[in-house]
Number of protein chains: 2
Amino acid sequence: MRSVSDLTARARIRDAALALFGADGVAATSVRAVSASAGVSAGLVLHHFGSKEGLRQACDEYVLDAMREGARLADGDLADALDAAAPVRRYLARALLDGTTAATTLFDEIVARTEAWLADGERDGRIRPSSDPRARATTYVAWMLAPLVLGDQVGRLLGGDPADSVVAVRAARAGLEMLTRGLFTDDRWLSAYSGALGENR
Amino acid sequence: MRSVSDLTARARIRDAALALFGADGVAATSVRAVSASAGVSAGLVLHHFGSKEGLRQACDEYVLDAMREGARLADGDLADALDAAAPVRRYLARALLDGTTAATTLFDEIVARTEAWLADGERDGRIRPSSDPRARATTYVAWMLAPLVLGDQVGRLLGGDPADSVVAVRAARAGLEMLTRGLFTDDRWLSAYSGALGENR
DNA sequence: GACTCGGCTGACCATCCGTTCAATCCTCTG
DNA sequence: CAGAGGATTGAACGGATGGTCAGCCGAGTC
């Protein structure tokens with residue numbers, strides 16, 4: 001078989017869909033636009049994926065697998081796993097926002113892994129203890145995902161060229177600085193929230 | 001004049017559009033769906049806003065104004081400003097992702113305000129110094145915006161009921177804990193990035 | 001060579017879309 | 001009361017969309 005990596009028409013369609021769905025959103029992308037971008041007829045797209053929704057699900061599963069693979073290779077922090085997501089960054093961001101089942105599953109898995117990783121670190125003394133480990137893991141993941149979702153905005157402010165590696169390093173370093181040395185020098189804001197979980201806002 | 005607050009048809013259409021655009025995205029929302037949700041005819045929507053694109057811009061400007069108003073009332077931290085965004089949370093998140101001019105403007109303004117606020121705090125000793133103030137301000141804003149963009153995911157993991165105030169408090173408290181006491185106990189990760197700005201990843 | 005079968009196409013269809021437009025309705029003004 | 005002018009409607013149109021289908025093509029099988 002033509003196992004020449006991935007050049008089968010089906011894969012080309014999927015890749016084209018990933019790019020267009022990510023750039024413009026699923027609803028704003030027509031089946032014909034995908035087919036044209038992949039260099040095939042519109043009928044073939046439906047032939048392979050049944051429907052536009054089927055194509056979307058195939059993209060979801062592909063991204064889910066790719067992220068799992070990336071996460072498997074780089075266990076420990078999830079910073080490297082996020083690098084693996086770069087090509088499908090915008091697609092993933094939209095999926096997260098839309099609450100796709102694949103995106104939801106992925107988010108859950110990442111939080112679970114992170115919570116375990118933080119607990120390990122806490123035991124080893126590398127990580128400070130927390131009063132609410134679940135909330136901390138969730139918030140931490142959301143923060144790590146923020147540059148992924150808001151990457152265009154962050155990149156624009158930290159240097160014109162998007163996808164510039166310098167931008168990612170600057171943002172990562174600034175983040176690590178806050179998470180290592182802290183940002184606030186005293187507890188004035190923190191204490192305002194402590195024990196105020198019953199508060200109504 | 002019928003100054004009964006905001007119940008004019010034009011405002012009802014805008015509110016309906018805000019909700020539907022936020023829930024499903026602009027492209028996935030038809031003018032007819034907006035008109036039905038607002039209880040008017042499709043023609044009236046176009047009569048008032050010229051086109052669907054005009055409606056989208058009107059929504060953008062409305063959100064921009066609302067956020068500026070919210071930010072003006074609560075200067076200092078931007079946590080309160082984000083509360084003002086709750087009703088249009090999903091709309092804003094999509095606009096940020098799509099790089100709408102209004103969203104871009106808003107992001108820039110927030111970062112500028114935050115950078116100034118952090119600089120003030122640094123001078124007063126409330127905020128720790130930074131090696132890259134611009135990157136820190138940008139990353140900080142991205143982090144504060146993360147629960148807004150990923151609110152559905154965060155809410156799901158921190159308690160079934162979305163829009164539950166307890167969720168927001170838990171997440172906020174966990175975040176403040178990390179930003180006050182720090183997360184990592186040593187510099188192992190931070191030092192890996194220090195002075196490595198020429199690194200290629 | 002005859003046959004098969006999956007990849008692949010182009011024409012076609014019903015539907016929905018954004019938009020236009022003439023005609024109504026409502027309310028205010030004189 | 002007459003009329004003017006904006007708000008509002010419903011029908012209509014051209015175009016694009018998602019989906020179906022009959023059939024072509026080319027490689028493998030007997």
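This one's a predicted model, so the numbers in the text were calculated from it and none came from an experiment.
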Among dG18(D), dT8(D), dT9(C), which nucleotide sits nearest the side chain of H48(B)?
dT8(D)
Spacing between R10(A) atom CZ and dG7(C) atom P, to the nearest angstrom:
9 Å
dT9(C), dT9(D), dT20(C): which one has an atom nearest the side-chain heavy atoms of S41(A)?
dT9(C)
Go through dT9(D), dG18(D), dT20(C) for me and flag the one nearest to the L46(B) side chain.
dT20(C)
Nucleotide of dG19(D), dG7(C), dT9(D) approaching L44(B) most closely (side-chain heavy atoms)
dT9(D)
Please tell me if S30(A) has a side-chain N or O lying less than 4.0 Å from either OP1 or OP2 of dT17(D).
yes
What does R32(A) touch in the nucleic acid at a heavy-atom separation under 4.0 angstrom: a base, only the sugar-phosphate, or nothing?
base
Nearest-angstrom distance from the residue atom NZ of K52(A) to P of dT20(D):
15 Å
Quick test of your reading of the model: are R94(B) and D24(B) salt-bridged, counting only N-O distances below 4.0 Å?
no
Please confirm whether R56(B) makes a cation-pi placement over F49(B), using NZ or CZ under 6.0 Å from the six-membered ring centre and within 45° of the ring normal.
no
In whole Å, I'd like the distance from the CZ atom of R56(A) to the P atom of dG19(D).
12 Å
Return the nearest nucleotide to the side chain of A9(A); candidates are dC13(D), dC8(C), dC12(C).
dC8(C)
Whole-Å distance separating the CD1 atom of I13(A) from the C1' atom of dG7(C):
10 Å
Could you tell me whether S35(B) contacts a base, only the sugar-phosphate backbone, or nothing, with contacts defined as non-hydrogen atoms closer than 4.0 Å?
nothing
For the residue pair V111(B) and Q153(A), establish whether any side-chain heavy-atom pair is separated by less than 4.5 Å.
no
Would you say that R128(B) contacts E177(A) through its side chain, given a criterion of any heavy-atom pair below 4.5 Å between the two side chains?
no
Going through the distances and angles, do D15(B) and R12(B) end up as a salt bridge (Lys or Arg N to Asp or Glu O under 4.0 Å)?
CA-CA 5 Å; D15(B) 288 349; R12(B) 287 208 323 275; over 6 Å; no
In whole angstroms, the gap separating P of dG7(C) from CZ of F49(A) amounts to 12 Å
Side chain of H47(A) only, heavy atoms from C-beta on: which candidate in dT9(D), dG18(C), dG7(C) is closest?
dG7(C)
